[in-house]
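Remarks on the structure that follows.
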Amino acid sequence: MKTDLPPEIKRFKQIREENNFTQSEFAEILNIKNSTSDIERGKTKLSGQVIMMLLKVLEVNPLWLYGESFQKKLDVHHINSMPKIISMDDTNSRENMLLVNQKAAAGYPQNIGDAEWYHQLPAFEMPIPQFRNATYRGFQVEGDSMEPNLHPEDWVLGKSVESLQQALNHKVYVFVLQDSVLVKKLHKHPNSHKISLISTNSYYPPYEVETSEIQEIWEVTSKLTFSINENSENSMLKKLEQSMEDLKIQLNTLKPN
């Protein structure tokens, strides 16, 4: 075994140990056959393919690997998810809130950078302090995948998120992808370029997407709903049914044997 190993081999092993990978696990992640033992012993050189995988999967800076830089990682998965177009009021002093209904959402991803297209969207100023000092946008909910929290035809109001790195697991966001607009809970996978979008309706399975598909992210901060009475009626009905069941139980206990 070589005792005087080059810096890239020492740092290759360092990366594995810092991530608590076995040699076999590290090999699988980097598409290396069997294990990384031959590389770590200096018996096999680092190939360009392995260096590319280190950068792609673990964001390891190749220059750092070879001792030519102090910067250990490169943010290769940074996605700028800020809005591409904003709407201003007549005085150009405040931002308007644009509303994207279900019909408009179908064309939103394809026209995301077309300022003329946005003219068809309703725009208004929200006179509530919570909606100042940030960019907000309203999106209409389509389908029942987010029930019982969100119903079809509800509106969610979202605050723009600068990047996926700033978004938090288990929170609800509007994701503008390359071909669709989805309201989902977020689940990020460590050391992966994929995320899962989760529905609150258990009937729908998680939806996995590549981070490169993300164009915009909006953190859902509030909603406008038109099903308050419906929810109230359902709640009252459930309470009535439960009361009837309780009454039946009480009557049965009073019957003579």
Side-chain angles (χ1 to χ4, degrees), residues 1-86 109 112-113 133-135 158-171 173-178 184-198 206 208-219:
M1 183 178 71
K2 294 182 180 180
T3 55
D4 187 19
L5 296 172
E8 66 270 20
I9 300 301
K10 293 178 181 178
R11 293 189 172 187
F12 177 85
K13 182 179 180 180
Q14 177 186 336
I15 290 294
R16 178 180 67 79
E17 292 176 339
E18 287 176 351
N19 286 276
N20 297 315
F21 295 132
T22 65
Q23 290 180 330
S24 297
E25 289 170 341
F26 203 32
E28 184 176 354
I29 290 170
L30 301 176
N31 290 332
I32 299 171
K33 291 182 179 179
N34 301 322
S35 82
T36 60
S37 59
D38 284 347
I39 293 177
E40 292 182 21
R41 288 183 297 177
K43 189 176 180 181
T44 302
K45 290 185 177 181
L46 282 176
S47 67
Q49 181 68 21
V50 171
I51 294 170
M52 181 194 74
M53 291 300 293
L54 284 169
L55 176 61
K56 181 179 179 180
V57 178
L58 298 175
E59 299 185 333
V60 176
N61 181 0
L63 291 176
W64 173 86
L65 192 67
Y66 283 90
E68 298 295 329
S69 173
F70 293 108
Q71 185 177 346
K72 189 175 184 179
K73 292 202 170 186
L74 297 176
D75 191 2
V76 296
H77 296 135
H78 179 83
I79 303 294
N80 183 357
S81 56
M82 292 292 285
K84 310 302 181 283
I85 302 291
I86 60 173
I112 200 165
N133 303 318
T135 300
K159 180 174 68 172
S160 64
V161 178
E162 182 178 341
S163 69
L164 180 61
Q165 284 71 18
Q166 294 185 357
L168 302 176
N169 275 343
H170 313 303
K171 295 195 72 171
Y173 296 90
V174 177
F175 293 90
V176 181
L177 306 179
Q178 296 291 340
K184 300 290 179 185
K185 277 188 175 182
L186 170 65
H187 178 73
K188 293 191 279 190
H189 303 285
N191 302 321
S192 174
H193 54 282
K194 292 184 178 181
I195 60 171
S196 291
L197 305 184
I198 312 295
E208 196 170 78
V209 300
E210 298 274 350
T211 56
S212 58
E213 294 182 42
I214 299 172
Q215 299 196 77
E216 290 179 354
I217 302 175
W218 302 85
E219 178 188 349

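Side chains included, hydrogens not; waters and symmetry mates left out as well; all remaining heavy atoms used. Computed from a predicted model, the values in this text were never measured in an experiment.
Taking a cutoff of 4.0 Å between a charged side-chain nitrogen and a carboxylate oxygen, Lys73 and Glu59 do not qualify as a salt bridge. Ion pair Glu18/Lys72 flagged as a salt bridge, since at least one NZ, NE, NH1 or NH2 atom sits closer than 4.0 Å to an Asp/Glu carboxylate oxygen.
To the nearest 0.5 Å, atom CZ of residue Arg41 and atom CD1 of residue Ile39 are 11.0 Å apart. For the atom pair CG of Leu30 and CD of Gln49, the computed distance is 9.5 Å after rounding to the nearest 0.5 Å. Taking NZ from Lys33 and CG from Asp38, the interatomic distance works out to 13.0 Å, rounded to the nearest 0.5 Å. Annotation: the span from Ile217 atom CD1 to Lys171 atom NZ amounts to 12.5 Å, rounded to 0.5 Å.
Side-chain contact between Leu168 and Tyr173 is present, with heavy atoms from C-beta onward closer than 4.5 Å. In this structure, the side chains of Asn61 and Tyr66 stay at 4.5 Å or more apart for every pair of heavy atoms. By the 4.5 Å heavy-atom criterion applied to side chains, Thr135 and Trp218 are counted as neighbours. Looking at heavy atoms from C-beta onward, Gln178 lies in side-chain contact with Gln215 at the 4.5 angstrom threshold. Residues Ile15 and Phe21 fail the side-chain proximity criterion, which asks for heavy atoms closer than 4.5 Å. Ser160 places none of its side-chain heavy atoms less than 4.5 Å from the side chain of Ile86. Side chains of Phe12 and Ile51 form no contact here, defined as non-hydrogen atoms less than 4.5 Å apart. Residues Thr44 and Thr36 form no side-chain contact, since every pair of their non-hydrogen atoms from C-beta on lies 4.5 Å or further apart.
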**OP:** Decide side chain to side chain contact (heavy atoms under 4.5 Å, CB included) for Ile112 and Glu216; before the verdict, give the C-alpha distance in whole Å, the side-chain angles of both, and the deciding distance to 0.1 Å.
**Re:** CA-CA 9 Å; Ile112 200 165; Glu216 290 179 354; 3.4 Å; yes
**OP:** Start with the C-alpha gap between Ile195 and Ile214, add the side-chain angles, then the distance that decides, and say whether side chain to side chain contact (heavy atoms under 4.5 Å, CB included) holds.
**Re:** CA-CA 10 Å; Ile195 60 171; Ile214 299 172; 3.7 Å; yes
Subject >> Worked check of side chain to side chain contact (heavy atoms under 4.5 Å, CB included) between Leu65 and Leu46 >> reply: CA-CA 10 Å; Leu65 192 67; Leu46 282 176; 3.8 Å; yes
Subject >> Working for side chain to side chain contact (heavy atoms under 4.5 Å, CB included), residues Arg11 and Gln14 >> reply: CA-CA 5 Å; Arg11 293 189 172 187; Gln14 177 186 336; 4.1 Å; yes
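Considering Arg16, Lys10, Lys13 in turn, Arg16 is the only one that fulfils the side chain to side chain donor-acceptor pair (under 3.5 Å) rule with Glu40.
By the 30° and 60° cut-offs, the orientation of the rings of His187 relative to His170 is tilted.
Between the side chains of Ser196 and His189, at least one donor-acceptor pair of N or O atoms lies under 3.5 Å. Counted by atom type alone, Ser35 and Ser37 present one or more donor-acceptor pairs between their side chains at under 3.5 Å.
Closest approach of Ile85 and Gly113 over heavy atoms only: CD1-O, 4.0 Å. When all heavy atoms are compared, the tightest approach of Val60 to Leu55 is O-CD1, 3.4 Å. Looking at every heavy atom in both residues, Ile9 comes nearest to Gly42 through CG2-N, 4.5 Å. Taking both residues in full, the closest heavy atoms of Lys184 and Phe175 are given as O-CE1, 3.8 Å, listed atom of the first, atom of the second, then distance.
Counted within 6.0 Å of CD on Glu28, heavy atoms from surrounding residues, nucleotides or ligands total 12 or fewer; the atom is thus considered open. Atom NZ of Lys185 sits in a sparse spot, with 12 or fewer heavy atoms from other residues, nucleotides or ligands closer than 6.0 Å.
A donor-acceptor pair under 3.5 Å links the side-chain atoms of Ser81 to the main chain of Glu162, judged by distance alone. Remark: side-chain polar atoms of Lys84 are paired, donor with acceptor, to backbone N or O of Met82 under 3.5 angstrom.
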